[in-house]
Amino acid sequence: MDAERPGPVPEGARAPARQASDDARSHQPPQAPGGSLRIGILLPTREQAINGTYAAAPLLDFARQAENLGFDSLWAGDSLTAHRESTPLVVLSAAAAATERITVGTAALTPALRHPLIGANMVASLGHVARDRLVLGLGSGFPMPETEEEFASVGASFTGRVGRLDEIADLWRTAWSAGEPGRPTGFQGKYWQADRLDRLPSPATPGGPPLWLAGSDTPKVLARAATRYDGWLPFLPDVDAYGRACRRIAELAGEAGRGPGAVTPALYATVTVNSDSTAARAELEHYISHYYGRSLEQMSAIQAYGWGSAEQCAEWLGGYVRAGARHLVLRIGSLDPQTQLKEVAEVLLPAVREIGRTLTDGGTKS
């Protein structure tokens, strides 16, 4: 995930969940505030690696179960050496082939870890497997030593990574439109230049898949999301800050001449479900220490975490929905997420969707 700076620890961030009060076009049907709510789940690729396995069969079983349980989308993270995950473009291709209706997406892909033309080719290929079910969350690289080492391992510059991400997104969109009559077939940027982009595979959908910016709520990030991307995917731990950011993105998008719903407001959040809140917190702490090598207290300063019963977690997430979120990407905070998947689907999903339905039917956001 992309972030320009870590924020302060918000009040109540470490409390149980129940206390938590292109250029200018969209590739998907609008998901404006008040629009339909979608909820997705993260594939446990990193969890597999921590447990010492990279087997594909359990991931595909997870994907099929998620679709059967009613999740709207399925996501995979991206890491080469920082977290040693299987590449999401391959994993999601297999998951898309094993499912029928569920959206697949990256949360988040780091384009700079691949040559942009190879990335454009891989994404277009994945799009043909997923058809119209692909969304790409894109990040410039989380500011931590492991990520800087990861960039160095592939010869990519960590300095200037934000500008490089935006340029790669522009290059991809140029490449994915290059086969259309009258569209440019070359690209001249600050970091990348390319000709004969029309020789690359055409995407399954005109212009390629929606590109979401995985980032924080700094003014620069919000401006980029509002003017350059089709969605915004943060993991903000502060609901009020999230609401302010949603409103600001809508304002900036309108000023840029983009219509309502041009930018999908999303959220990446981690939940650990257990009727015993103390046990839930302990499991989440165990998970975070193995995933990041840091404490839950440290990570709660920059990421959204909820724990407790499914009902408590649903009410916590409902705060973000009331603040404007229209696509939730949930990560189960457990090294054995399969054990919580069914309860999340059967209890948490309908409760959060009911909150979204109330808003859609004319309720007042708080």
Side-chain angles (χ1 to χ4, degrees), residues 1-2 27-28 40-49 54-60 62-64 66-67 73-100 102-142 147 150-151 153-156 161 164-165 167-176 192 194 197 200-205 207-214 229-231 233 266 268 329 331:
M1 300 286 284
D2 174 27
H27 299 269
Q28 279 190 320
I41 193 77
L42 194 75
L43 280 166
T45 53
R46 172 60 175 155
E47 292 76 5
Q48 273 196 337
Y54 293 90
L59 293 176
L60 300 186
F62 190 101
R64 284 186 287 261
E67 180 171 69
S73 55
L74 194 66
W75 302 79
D78 183 30
S79 177
L80 183 63
T81 61
H83 296 309
R84 300 182 300 168
E85 296 179 44
S86 298
T87 177
L89 300 180
V90 173
V91 170
L92 292 175
S93 184
T99 57
E100 295 180 358
I102 197 168
T103 293
V104 296
T106 55
L109 184 73
T110 309
L113 296 179
R114 303 158 183 83
H115 189 286
L117 296 190
I118 294 175
N121 191 328
M122 294 182 71
V123 169
S125 300
L126 169 56
H128 283 283
V129 178
R131 301 179 299 279
D132 59 350
R133 296 185 288 140
L134 177 61
V135 175
L136 293 183
L138 305 179
S140 62
F142 197 74
T147 310
E150 184 172 59
F151 271 61
S153 71
V154 297
R161 65 192 185 281
R164 290 174 186 274
L165 169 62
E167 185 166 300
I168 290 174
D170 290 343
L171 192 160
W172 282 0
R173 284 173 168 152
T174 301
W176 294 331
W192 300 99
L197 293 173
L200 290 172
S202 298
T205 55
L211 303 182
W212 293 4
L213 179 61
Y229 290 89
D230 307 306
L233 180 62
Y268 183 108
V329 177
R331 176 176 62 171

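Sorted by first and then second residue, the ring-ring contact (aromatic ring centres under 6.0 Å, His included) pairs involving residues 79-100 (not counting sequence neighbours) are H83-Y291, H83-Y292.
Pairing each heavy atom of A266 with each of L233, the nearest pair is CB-CD1, 3.7 Å. Minimum heavy-atom separation, G139 to A108: N-CB, 4.0 Å. Among all heavy-atom pairs drawn from V123 and L134, the shortest one is O-CD2, 3.9 Å.
Residues meeting the salt bridge (Lys or Arg N to Asp or Glu O under 4.0 Å) test with R84, sequence neighbours left out: none. Applying the side-chain contact (heavy atoms from CB on, under 4.5 Å) rule to A56 yields no partners; only residues at least two apart in sequence or on another chain are considered. With sequence neighbours excluded, no residue satisfies ring pair (Phe, Tyr, Trp, His ring centres under 6.0 Å) with F62. H115 meets the side-chain contact (heavy atoms from CB on, under 4.5 Å) test with L117, I118, W192; sequence neighbours excluded. Residues forming a side-chain contact (heavy atoms from CB on, under 4.5 Å) with S125 (at least two apart in sequence, or on another chain): N121. In this structure W176 satisfies the ring pair (Phe, Tyr, Trp, His ring centres under 6.0 Å) test together with W172, sequence neighbours excluded. Qualifying side chain to side chain donor-acceptor pair (under 3.5 Å) partners for E47, counting only residues two or more places apart in sequence or in other chains: Y287. With sequence neighbours left out, the side-chain contact (heavy atoms from CB on, under 4.5 Å) criterion links Q48 to T53, P58, L59. In this structure, T106 has no side chain to side chain donor-acceptor pair (under 3.5 Å) partners at least two apart in sequence or on a different chain.
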N/O donor-acceptor pairs under 3.5 Å from side chains in residues 86-100, not counting sequence neighbours:
| from | atom 1 | to | atom 2 | distance (Å) |
| --- | --- | --- | --- | --- |
| T87 | OG1 | R114 | NH2 | 3.4 |
| T99 | OG1 | A95 | O | 2.8 |
| T99 | OG1 | R133 | NH1 | 3.1 |

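Using a 4.5 Å heavy-atom cutoff, the side chains of L138 and L213 are not in contact. Side-chain contact check for W212 versus L136: every heavy-atom pair is 4.5 Å or farther apart.
Proximity of a side-chain donor or acceptor of E150 to a complementary backbone N or O of T81 within less than 3.5 Å is detected. In this structure, the side chain of T147 engages the main chain of F142 through a donor-acceptor pair within 3.5 Å. Under a 3.5 Å cut-off, the side chain of R46 and the backbone N or O of G77 do not form any donor-acceptor pair.
Distance CG/L211 to OH/Y229: 7.5 Å, rounded to 0.5 Å.
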